[in-house]
Amino acid sequence: MSGAEERSGTLGREHARRLGECLEGGGVAVFPTDTVYGLACDPLQRAAVDRLYELKGRPAERPAAVMFFALQAALEQLAELAPRERAAARALLPGPVTLLLPNRERRFPLACGPDPDTLGLRVPLLTGPLAALGALGSPLLQSSANISGAPAVSRVEDLPRQLLGGADLVLDAGELAGTASTVVDLRSLQQSGEWSVVREGALGSAALRRALMLAS
């Protein structure tokens, strides 16, 4: 496959269609989220996942996240989520957070790395120029569009050359918010009510605590 860039301040349904076709065909895409630009592939295709990791230079033992474009779709597919986990997901998503959840059914093993019992879940808030991506019905494996260990990128112009050249599709929605998602560990929430922040990010601790208190 050869890379193709789609420049547009506002994405349309055609962009969502092209993204879906790229991923279904085993490709790797650069796409915009509510935080920073991400790399995406089909979470069920081993060759595509391996290629995404290779492009980033990401160690195989580091897990990625699975992104859904609609919260209800995520909750329906992850039917085994416990009541507290489901309430927390509804309180925080869609939004600029990644939730670490118990993966009781060991779903999406290619995204989980060496820990198949933990699933990273993202549901971005798709408003304004990103709203059309909500038409994408299938989940994707997602990681930030940067070289492993480097800062996240908020503009396509700042993407590393190896990602621009190696991706099969690049969707440009202009400059994004620029702060990566907050990563929240909810794996103990159901049993003990405890949670922790693994990575500070776009959602501040006060807003996070408030949302989780309302969900409890």
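A search for side chain to side chain donor-acceptor pair (under 3.5 Å) contacts involving Asp50 returns nothing, not counting sequence neighbours. Residues satisfying the salt bridge (Lys or Arg N to Asp or Glu O under 4.0 Å) criterion with Arg104, sequence neighbours excluded, are Glu85. Residues passing the salt bridge (Lys or Arg N to Asp or Glu O under 4.0 Å) test with Glu14, sequence neighbours excluded: Arg17. Ala74 pairs by the side-chain contact (heavy atoms from CB on, under 4.5 Å) definition with Phe68, Leu121, Val123, not counting sequence neighbours. Partners of Glu24 according to the salt bridge (Lys or Arg N to Asp or Glu O under 4.0 Å) rule, which considers only residues two or more places apart in sequence or in another chain, do not exist here. Taking the side chain to side chain donor-acceptor pair (under 3.5 Å) definition, one finds that Gln45 meets it with Asp42, sequence neighbours left out. Residues satisfying the side chain to side chain donor-acceptor pair (under 3.5 Å) test with Thr35, not counting sequence neighbours, are Thr33, Arg122. With sequence neighbours excluded, the residues forming a salt bridge (Lys or Arg N to Asp or Glu O under 4.0 Å) with Arg187 are Asp115, Asp185, listed by chain and number.
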For residues 197-216, which side-chain donor-acceptor pairs fall under 3.5 Å, sequence neighbours excluded?
| from | atom 1 | to | atom 2 | distance (Å) |
| --- | --- | --- | --- | --- |
| Arg199 | NE | Ser181 | O | 3.1 |
| Arg199 | NH2 | Ser181 | O | 2.7 |
| Arg199 | NH2 | Ser181 | OG | 3.0 |
| Ser216 | OG | Met213 | O | 2.7 |

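Every pair passing side-chain hydrogen bond (donor to acceptor under 3.5 Å, both in side chains) that includes a residue from residues 133-143 is listed here, sequence neighbours excluded: Lys56-Ser143. Applying the salt bridge (charged side-chain N to carboxylate O under 4.0 Å, His left out) test to every pair with at least one member in residues 63-75, sequence neighbours left out, gives no pairs at all. Within the structure, side-chain hydrogen bond (donor to acceptor under 3.5 Å, both in side chains) pairs that include any residue of residues 70-81 comprise Gln72-Glu76, Glu80-Arg107 (at least two apart or interchain).
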